[in-house]
Amino acid sequence: MGMRKTLTIAGSDSGGGAGIQADLKTFQERDVFGTSVITAITAQNTLGVHDVYPQTVEAVRSQLNAVLSDIGADSVKTGMLFSSELIVAVSEIIKAYQVPNLVIDPVMIAKGGASLLQKEAILALKEKLLPIGKVITPNLPEASELLNGQSIRSVDEMEQAAKLLHQSGAESVLIKGGHLEGATSIDVLYDQGRFYHYEAKRIDTKHTHGTGCTYSACIAAELAKGQSLPEAVSIAKDFITAAITHSLSIGEGIGPTNHAAYRHFVSTRI
Ligand SMILES: Nc1ncnc2c1ncn2[C@@H]1O[C@H](COP(=O)(O)OP(=O)(O)OP(=O)(O)O)[C@@H](O)[C@H]1O
Ligand SMILES: Cc1ncc(CO)c(N)n1
């Protein structure tokens, strides 16, 4: 069998640490063939987002059709989708091609505070994309936003929130605990009626630009290779923990994670 293929549908990060760039680097590290559909161009560095240039619906549709009509995909991840019109177009085409293993990273706000998803697009995300996804991977603020502002402050509340998001249409839900405090960083997966916890030592670093993108890209790559979802998340947790442990002091602000760390260093997962 040929090489497995993973498609990322996301925004470009000129700074190279997040978005399309993080995804393609991760796909390369995990031995899948990466393709990309660019939804928006961001002028961005480690200090923040300078500008956002969303692509037209036509440009996004055309890229999707070009990739899926010829190359196809064994999995797909979505990152920055920016507007409800782009979400609707992406959902329709993924459905039409019956692309399997959709990982939805509901990117909303960059670490510096810039908006990567228009407020009114959250409804389209919930109604159009969520029901066709294999898993959605919100961080804590994103999970709260998807649950109409409900606060999530503990692992127990992460479990409740994951179940609620499943009830609102997501097949499986992975809530990331990067934004909680404590000696460890715990993610909670709700899959097929069961909870799984993924725990790693909290690393004391400011260089965490692109953690969420890298994590969801790795999950998508592992699903493309045939791993079960709990196993794909386990590998991705090791991958992101190594990438944060060896993150890079590049630029003056929040530096990127090190996508090559997993193959160079032993993991520090608990
Ligand atoms: N300081 C840290 N030490 C260890 N693991 C971390 C740390 N910060 C985040 N993580 C882990 O990184 C992964 C991504 O989680 P995070 O909550 O940072 O995503 P995110 O906020 O969506 O990222 P992004 O800002 O790129 O969108 C999770 O597995 C989380 O537990
Ligand atoms: C393009 C892009 N996607 C996602 C994120 C979130 O980390 C970012 N900063 N930039």
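As the structure lists them, so they are numbered: ligands from 1, and atoms in each ligand from 1. What you see is a predicted model; the values in this text were computed from it and never measured.
Side-chain atoms of Q118 and S84 form no donor-acceptor pair, as typed in the model, at a separation below 3.5 Å.
Taking a 6.0 Å sphere around CD of Q98, one finds it holds 12 or fewer heavy atoms contributed by other residues, nucleotides or ligands.
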Could you go through ligand 1 and note, for every N or O atom, any protein N or O atom closer than 3.5 angstrom, writing the atom names and distance to 0.1 Å, or 'none'?
from	atom 1	to	atom 2	distance (Å)
ligand 1	1 (N)	I203	O	2.9
ligand 1	3 (N)	I203	N	2.8
ligand 1	17 (O)	G178	N	3.4
ligand 1	18 (O)	T211	OG1	3.0
ligand 1	21 (O)	N139	ND2	2.9
ligand 1	21 (O)	H179	NE2	2.8
ligand 1	22 (O)	N139	ND2	3.4
ligand 1	22 (O)	K176	NZ	2.7
ligand 1	23 (O)	T211	OG1	3.0
ligand 1	23 (O)	G212	N	3.1
ligand 1	25 (O)	K111	NZ	2.7
ligand 1	26 (O)	T211	N	3.3
ligand 1	26 (O)	G212	N	3.0
ligand 1	29 (O)	D187	OD2	2.6
ligand 1	29 (O)	K237	NZ	3.1
ligand 1	31 (O)	S185	OG	2.6
ligand 1	31 (O)	D187	OD1	2.9
ligand 1	31 (O)	K237	NZ	2.9

Protein N/O near ligand 2 N/O, under 3.5 Å, which pairs?
from	atom 1	to	atom 2	distance (Å)
ligand 2	9 (N)	Q44	OE1	2.8
ligand 2	10 (N)	Q44	NE2	3.2

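Within the 3.5 Å criterion, the main-chain N or O of S14 finds no donor-acceptor partner in the side chain of Q44. Under the 3.5 Å distance criterion, the side-chain polar atoms of K77 are left unmatched by any main-chain donor or acceptor of I219. A donor-acceptor pair is defined here as one N or O able to donate and one able to accept, closer than 3.5 Å; such a pair exists between the side chain of K225 and the backbone of R30. At least one donor-acceptor pair closer than 3.5 Å links the side chain of T245 to the backbone N or O of T241. Checked by atom type and distance alone, the side chain of N101 pairs as donor or acceptor with a backbone atom of D74 at under 3.5 Å.
With sequence neighbours left out, Q227 forms a side-chain hydrogen bond (donor to acceptor under 3.5 Å, both in side chains) with no residue at all.
Among pairs with a residue in residues 115-124, those fulfilling salt bridge (Lys or Arg N to Asp or Glu O under 4.0 Å) read K119-E145, at least two apart in sequence or across chains.
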